[in-house]
There are 4 protein chains.
Amino acid sequence: MTNKDRPKYQQIIQAALEVIAENGYHASQVSKIAKKANVADGTIYLYFKNKEDILISVFRERMGQFIHKIKNAIEDKETASEKLLTLIQMHYAQLTESPYLAKVTQLELRQSKPELRREINKVLKSYLDVIDSIIEHGIKEKEIRDDIHPRLMRQMIFGTIDETVTTWVMKNERYNLLDQVEDVHSLLLNGLTKKN
Amino acid sequence: MTNKDRPKYQQIIQAALEVIAENGYHASQVSKIAKKANVADGTIYLYFKNKEDILISVFRERMGQFIHKIKNAIEDKETASEKLLTLIQMHYAQLTESPYLAKVTQLELRQSKPELRREINKVLKSYLDVIDSIIEHGIKEKEIRDDIHPRLMRQMIFGTIDETVTTWVMKNERYNLLDQVEDVHSLLLNGLTKKN
Amino acid sequence: MTNKDRPKYQQIIQAALEVIAENGYHASQVSKIAKKANVADGTIYLYFKNKEDILISVFRERMGQFIHKIKNAIEDKETASEKLLTLIQMHYAQLTESPYLAKVTQLELRQSKPELRREINKVLKSYLDVIDSIIEHGIKEKEIRDDIHPRLMRQMIFGTIDETVTTWVMKNERYNLLDQVEDVHSLLLNGLTKKN
Amino acid sequence: MTNKDRPKYQQIIQAALEVIAENGYHASQVSKIAKKANVADGTIYLYFKNKEDILISVFRERMGQFIHKIKNAIEDKETASEKLLTLIQMHYAQLTESPYLAKVTQLELRQSKPELRREINKVLKSYLDVIDSIIEHGIKEKEIRDDIHPRLMRQMIFGTIDETVTTWVMKNERYNLLDQVEDVHSLLLNGLTKKN
DNA sequence: TATGAATGAGCCTTCATTCAT
DNA sequence: TATGAATGAAGGCTCATTCAT
């Protein structure tokens with residue numbers, strides 16, 4: 001049984017997620033996480049190398065599941081358009097379900113030290129890969145234009161989704177993110193211009 | 001003569017910008033800023049309330065100019081499409097010209113404490129207002145579709161531009177951001193879909 | 001069967017000796033000793049009251065044997081001069097044979113807490129007694145001068161031997177300690193002065 | 001004005017010496033030293049790199065003076081015998097005058113980490129050099145025997161003096177160390193043997 | 001006996017801010 | 001205005017010891 005399967009590991013991960021969401025990254029002392037996880041301060045260090053390792057693990061574990069679910073949901077879909085719709089829908093749905101994760105990913109983890117950022121970006125990379133594969137598929141099937149560098153397309157997709165979630169989190173999640181799925185999908189596919 | 005007009009005020013602002021860009025947010029001690037600005041530590045506190053106030057001022061001053069220049073450039077343009085093209089072009093141009101500002105806005109200041117983020121967002125708000133006014137103008141002139149909430153459009157525009165810049169900064173600015181202006185503009189206006 | 005006769009007791013003592021010699025006193029955690037002794041951390045506490053008790057026991061056991069052997073070897077000798085020669089020879093020989101013991105007694109255990117030092121000194125006392133008995137014998141037989149307090153003589157003998165060993169250990173035992181036996185013996189008996 | 005000339009530097013050195021002498025090396029927290037020196041904890045770090053640096057400095061400063069005074073006193077003396085007598089006398093006199101220094105050098109500083117030991121040995125080296133120069137002088141003048149390696153002679157001299165002081169400190173300085181000067185001098189010069 | 005996961009007290013160091021000059 | 005020496009609160013981490021199994 002590895003560390004990750006032990007109940008205390010997940011207990012600490014969850015506690016860390018909540019503490020960061022509630023207090024912000026900078027006010028998240030190890031002792032606070034330990035208390036919320038109902039373990040002694042020292043116990044933390046049986047499961048994690050140091051404070052940074054806790055935070056990286058929170059992100060890796062949670063975003064890992066997050067991305068995994070999206071990947072699964074997309075597989076079935078035929079067209080790039082459907083795949084993108086599903087991605088947006090799943091992205092919004094999961095963050096709606098887990099406000100802690102939303103708060104932490106959109107706000108708190110952006111306040112982290114360079115080394116931590118680097119680790120976060122590794123995880124993020126695998127999400128961007130998912131988006132890239134949708135674009136590639138769309139281009140191959142001639143659904144998506146091929147006159148623009150795919151990297152820019154991915155940046156538009158991720159940038160847009162990310163910005164809509166950030167706004168929603170900063171507005172304290174007062175509206176329903178899922179109501180925007182179709183409109184965001186339409187915007188990304190068709191752009192701003194009025195067609196007639 | 002207010003504080004802002006005194007030479008030391010600008011001296012400290014500039015020093016802070018450079019120190020953050022060079023050392024990162026977390027390694028930007030007041031003493032380092034003071035040294036770079038050639039003033040004593042204590043002198044900082046004659047011009048700024050506290051450390052946070054320095055950072056907010058950096059952002060306010062620099063982003064103020066940044067936004068002001070974009071506003072000016074856009075005024076002349078007739079169509080929403082032209083205005084948007086100019087905004088993208090100016091956004092990229094200014095950050096290309098000032099690598100310090102790019103590094104600080106895209107990476108370092110996102111690592112700041114919640115209170116600081118809030119102040120930064122106030123400044124950012126006036127940039128988002130500029131984007132909103134372009135959209136509003138476009139809708140009125142029937143250039144821009146009116147079936148989608150303008151807020152979502154603005155989020156796509158800002159999210160996309162922001163994400164392209166972040167990628168560029170994280171790639172150590174190894175390519176020319178300005179080469180992407182037309183493509184980003186086309187993507188935002190026309191979306192991903194292949195037209196025929 | 002007392003603790004001392006159980007195999008694990010000696011196992012832990014030997015492990016402690018090696019761990020201290022290899023890692024130094026300050027890096028000798030109980031867990032490290034347990035691992036080297038192939039027992040669980042908790043097992044240590046079935047045989048020893050606490051960490052200090054391990055260290056004292058190491059010293060007591062090893063120095064006990066050390067002193068015992070010297071005592072035995074001296075018994076046979078007739079004169080104080082011969083006894084002293086044998087003591088020096090045995091002292092050097094045993095530490096040459098056991099580099100762990102040398103490193104630990106000369107360097108590492110001197111870095112211990114006052115309480116531990118006190119215990120160590122109790123053991124040392126019995127070694128000093130051996131030296132005292134040689135001196136006493138020599139005085140009685142008129143081999144050794146009686147115009148100087150025997151305590152000072154013992155301090156010269158022990159101080160000199162101890163200092164020569166410390167130097168040797170700090171020079172990483174690069175020369176043969178036993179080569180010095182006769183010279184040290186001559187120095188202690190005859191002093192520094194040139195006779196003619 | 002360098003750090004060393006500022007009053008607080010000496011204030012902290014003296015406080016550290018007293019704290020170590022009173023509490024032992026291991027119970028000498030930085031905060032305790034700061035309190036005794038009447039400065040804030042942080043102030044310590046304006047004058048010393050870290051805790052170890054305080055301890056090294058204590059030793060360097062105090063032993064520096066110690067050795068300097070002995071060197072001066074020896075210069076005048078003609079013969080090796082007189083020089084040695086003066087060295088013993090000065091060694092005992094200075095430690096008698098400064099019980100703190102005695103306690104720290106004989107007991108506490110031997111309980112230090114390897115890096116600290118190394119620094120201490122550097123200082124000690126210059127004391128051993130003084131002893132070596134006496135021996136060399138004595139050999140040249142045919143006062144001291146030349147059939148024994150001078151290093152062994154030095155080890156006897158230092159080992160003996162050191163051991164006599166250690167015993168005295170451990171006996172809580174209950175007798176007068178200076179009473180032993182002539183006897184120790186006689187022992188070192190003439191050895192243990194009864195002459196007739 | 002034996003285990004080893006869990007405990008939690010303890011401490012060095014940083015750095016934003018102050019204030020006497 | 002300007003200085004910079006001094007302040008002191010705050011927190012991550014280690015490791016000897018315990019105890020449920």
Side-chain angles (χ1 to χ4, degrees), chain A residues 1 3 6-9 12 26-35 37-54, chain B residues 1 3 6-8 26-35 37-55 113, chain C residues 1 3 6-8 26-35 37-55 113, chain D residues 1 3 6-9 12 26-35 37-54:
Chain A
M1 187 152 97
N3 254 355
R6 294 206 192 116
K8 296 223 166 144
Y9 180 84
I12 294 166
H26 280 90
S28 296
Q29 299 91 332
V30 170
S31 61
K32 225 179 240 169
I33 296 173
K35 184 173 271 177
N38 277 318
V39 298
D41 292 18
T43 305
I44 299 268
Y45 292 88
L46 297 176
Y47 294 89
F48 302 92
K49 219 169 67 254
N50 50 34
K51 187 183 176 182
E52 205 177 293
D53 189 32
I54 309 174
Chain B
M1 185 152 101
N3 256 353
R6 293 200 192 123
K8 293 213 171 154
H26 282 93
S28 295
Q29 297 89 335
V30 170
S31 62
K32 229 178 232 167
I33 296 173
K35 183 175 269 178
N38 279 318
V39 299
D41 292 17
T43 305
I44 299 264
Y45 290 87
L46 298 174
Y47 293 89
F48 300 91
K49 214 167 74 252
N50 50 33
K51 186 183 178 182
E52 207 176 294
D53 189 30
I54 309 173
L55 303 178
K113 288 185 295 177
Chain C
M1 187 153 99
N3 257 353
R6 293 202 190 122
K8 293 214 170 153
H26 281 93
S28 295
Q29 297 89 337
V30 171
S31 60
K32 227 178 233 168
I33 295 173
K35 181 174 270 178
N38 279 319
V39 299
D41 292 17
T43 305
I44 300 264
Y45 290 88
L46 298 174
Y47 294 88
F48 300 91
K49 215 168 74 252
N50 51 34
K51 186 182 176 182
E52 207 177 292
D53 189 30
I54 310 172
L55 303 178
K113 289 185 294 176
Chain D
M1 186 152 99
N3 254 355
R6 295 206 192 116
K8 296 223 165 143
Y9 179 85
I12 295 166
H26 281 91
S28 295
Q29 298 91 332
V30 171
S31 60
K32 226 178 239 168
I33 296 173
K35 184 173 272 178
N38 277 319
V39 299
D41 291 17
T43 304
I44 300 267
Y45 291 87
L46 296 176
Y47 294 88
F48 302 90
K49 218 168 68 255
N50 50 35
K51 186 182 176 182
E52 205 177 295
D53 189 31
I54 309 173

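In what follows, every chain begins at residue 1, and chains take the letters A, B, ... in the order their sequences are listed. Only heavy atoms go into these numbers, but all of them, side chains included; no hydrogens, no water, no symmetry mates.
- Note that CG of B/L55 and CD1 of B/I33 are 6.0 Å apart. Values are rounded to the nearest 0.5 Å.
- Listed by chain and number, the residues in a side-chain hydrogen bond (donor to acceptor under 3.5 Å, both in side chains) with D/H26 are C/H26 (sequence neighbours excluded).
- For A/K8, the side-chain contact (heavy atoms from CB on, under 4.5 Å) criterion is met by A/Q11, A/V39, A/T43, A/Y47, not counting sequence neighbours.
- An OP1 or OP2 oxygen of F/dT1 is reached within less than 4.0 angstrom by no side-chain nitrogen or oxygen of B/Y47.
- For the side-chain contact (heavy atoms from CB on, under 4.5 Å) test, residues two or more places apart in sequence or in another chain that qualify with C/Q29 are C/S31, C/K32.
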Its dot-bracket string being built from Watson-Crick and G-U pairs below 3.5 Å, with | for another strand and [ ] for crossing, DNA chain F has the pattern .||||||||||||||||||||
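- Atom pair B/I44:CD1 and F/dT1:C1' shows a separation of 14 Å (rounding to whole Å applied).
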I'd like a list of close polar pairs between nucleotides 16-18 of chain E and the protein, N/O only, cut-off under 3.5 Å.
| from | atom 1 | to | atom 2 | distance (Å) |
| --- | --- | --- | --- | --- |
| E/dA16 | OP1 | B/K51 | NZ | 3.0 |
| E/dA16 | OP2 | B/V30 | N | 2.8 |
| E/dT17 | OP2 | B/Y45 | OH | 2.9 |
| E/dT17 | OP2 | B/K51 | N | 2.9 |

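- Taking every side-chain heavy atom of A/L46 into account, E/dT7 is the closest of F/dA2, E/dT7, F/dA6.
- Considering OH of A/Y9 and CD1 of A/I54, their distance stands at 10.5 Å, rounded to 0.5 Å.
- Rounded to whole angstrom, the span from the CZ atom of D/F48 across to the P atom of E/dT13 amounts to 13 Å.
- Distance A/K35 NZ to E/dT7 C1': 15 Å, rounded to the nearest Å.
- You'll find that the side chain of C/T43 is closest to E/dA2, out of F/dT7, F/dT3, E/dA2.
- In this structure, B/I33 atom CD1 and E/dC15 atom C1' are separated by 12 Å, rounded to whole Å.
- Remark: P of F/dA5 and CD1 of D/I12 are 13 Å apart, rounded to the nearest angstrom.
- Look at CG on B/N38: it is 14 Å from C1' on F/dT3, rounded to the nearest Å.
- When distances are taken from the side chain of C/K8 to each of E/dA2, F/dT7, F/dT3, the shortest belongs to E/dA2.
- For D/V39, taking side-chain heavy atoms from C-beta onward, the closest of the listed nucleotides F/dT7, E/dG8, E/dT3 is F/dT7.
- Checking A/D53, A/V30, A/N50 one by one against A/I44, the side-chain contact (heavy atoms from CB on, under 4.5 Å) holds for a single residue, A/V30.
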